[in-house]
Amino acid sequence: MEPTDRTTTAATGVAPPGAPPPGGVTSAATARAYAESVARARWHGSGRGVREEDVVDLLLVVSELVTNAIRHGDGLAGFEVRTTDDGMWIAVHDHSAVVPRAAYAFPTQHRGSGYGWPLVARLARDIAVEPRPGGGKTISVLVPLRGARA
């Protein structure tokens, strides 16, 4: 991808300063660091920076999606981020075609585990689960990010 489309990927993108090297997103920790560095680089250019509470939301969503791909999706197949005018678009690719049950209905009861999907549903929007052409699936979300107050 061209750097001008503001998309960066773990495998082929151009990482901003402080981000892990391309191909280096293999865990929730490296995905969080990568996403945070992209967000801060983008909003730093606004002269105001990004709101810290929005960065916390971004890191929680990234953690949940990447961890779920590793634990329940037969492994992480790719990770992408793209800044938009509204925030940060995230796509997590895994190797499993199984769609999370909660993807179609927000859970109304909690059975002791599985806080991740409800958390993602509350903090992100434009959630999509799509099959990948070569197998597996992609879960993509938009996490709203706002400029810091002056």
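- Two residues are said to be in side-chain contact when any heavy atoms from C-beta on lie closer than 4.5 Å; V38 and W43 fail this criterion.
- Under the salt bridge (Lys or Arg N to Asp or Glu O under 4.0 Å) criterion, R132 pairs with no residue, sequence neighbours left out.
- Evaluation of the side chain to side chain contact (heavy atoms under 4.5 Å, CB included) rule for R71 yields T67 as partners, not counting sequence neighbours.
- In this structure E36 satisfies the salt bridge (Lys or Arg N to Asp or Glu O under 4.0 Å) test together with R40, sequence neighbours excluded.
- When the salt bridge (Lys or Arg N to Asp or Glu O under 4.0 Å) test is applied to D86, the partners found at least two apart in sequence or on another chain are R125.
- Ion pairing between a basic and an acidic side chain is recognised when a charged N comes within 4.0 Å of a carboxylate O; D74 and K137 show no such pairing.
- Partners of D54 under the salt bridge (Lys or Arg N to Asp or Glu O under 4.0 Å) rule, at least two apart in sequence or in another chain, are R146.
- V99 and I90 end up in the same hydrophobic cluster when Ile, Leu, Val, Met, Phe, Trp and Tyr side chains are linked at under 4.5 Å.
- Partner of M88 under the side-chain contact (heavy atoms from CB on, under 4.5 Å) criterion, chosen from V141, V50, T83: T83.
- Linking ILVMFWY residues whenever their side-chain heavy atoms come closer than 4.5 Å, directly or via other members, places V129 and V92 in the same cluster.
- Interatomic distance, CG of D57 versus CZ of R51, reported as 10.0 Å (0.5 Å rounding).
- The line from CZ of F79 to CZ of R32 is 10.5 Å long, rounded to the nearest 0.5 Å.
- Distance check, rounded to the nearest 0.5 Å: CG of D126 to CH2 of W89 gives 11.5 Å.
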Test side-chain contact (heavy atoms from CB on, under 4.5 Å) on L119 and V61; report intermediate values, then the result.
CA-CA 7 Å; L119 181 73; V61 169; 5.9 Å; no

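- Atoms CG and OG1, from L145 and T84 in turn, are 8.0 Å apart once rounded to the nearest 0.5 Å.
- Summarising the geometry, atom OG belonging to S27 is positioned 14.0 Å from atom OH belonging to Y34; distances are rounded to the nearest 0.5 Å.
- By the 4.5 Å heavy-atom criterion applied to side chains, T26 and L76 are not counted as neighbours.
- Interatomic distance, L65 CG to T138 OG1, rounded to the nearest 0.5 Å: 11.5 Å.
- Nearest heavy atoms, A35 versus V62: CB-CG2, 3.9 Å.
- S96 meets the side chain to side chain donor-acceptor pair (under 3.5 Å) test with no other residue; sequence neighbours excluded.
- Shortest non-hydrogen contact noted between L142 and G87 is CD1-C, 4.1 Å.
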| task | Before giving the answer on side-chain contact (heavy atoms from CB on, under 4.5 Å), spell out for L123 and V143 the whole-Å C-alpha distance, their side-chain angles and the decisive distance to 0.1 Å. | result | CA-CA 7 Å; L123 298 177; V143 179; 5.7 Å; no

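- For the residue pair A39 and L58, the shortest heavy atom distance occurs at CB-CD2, 4.0 Å.
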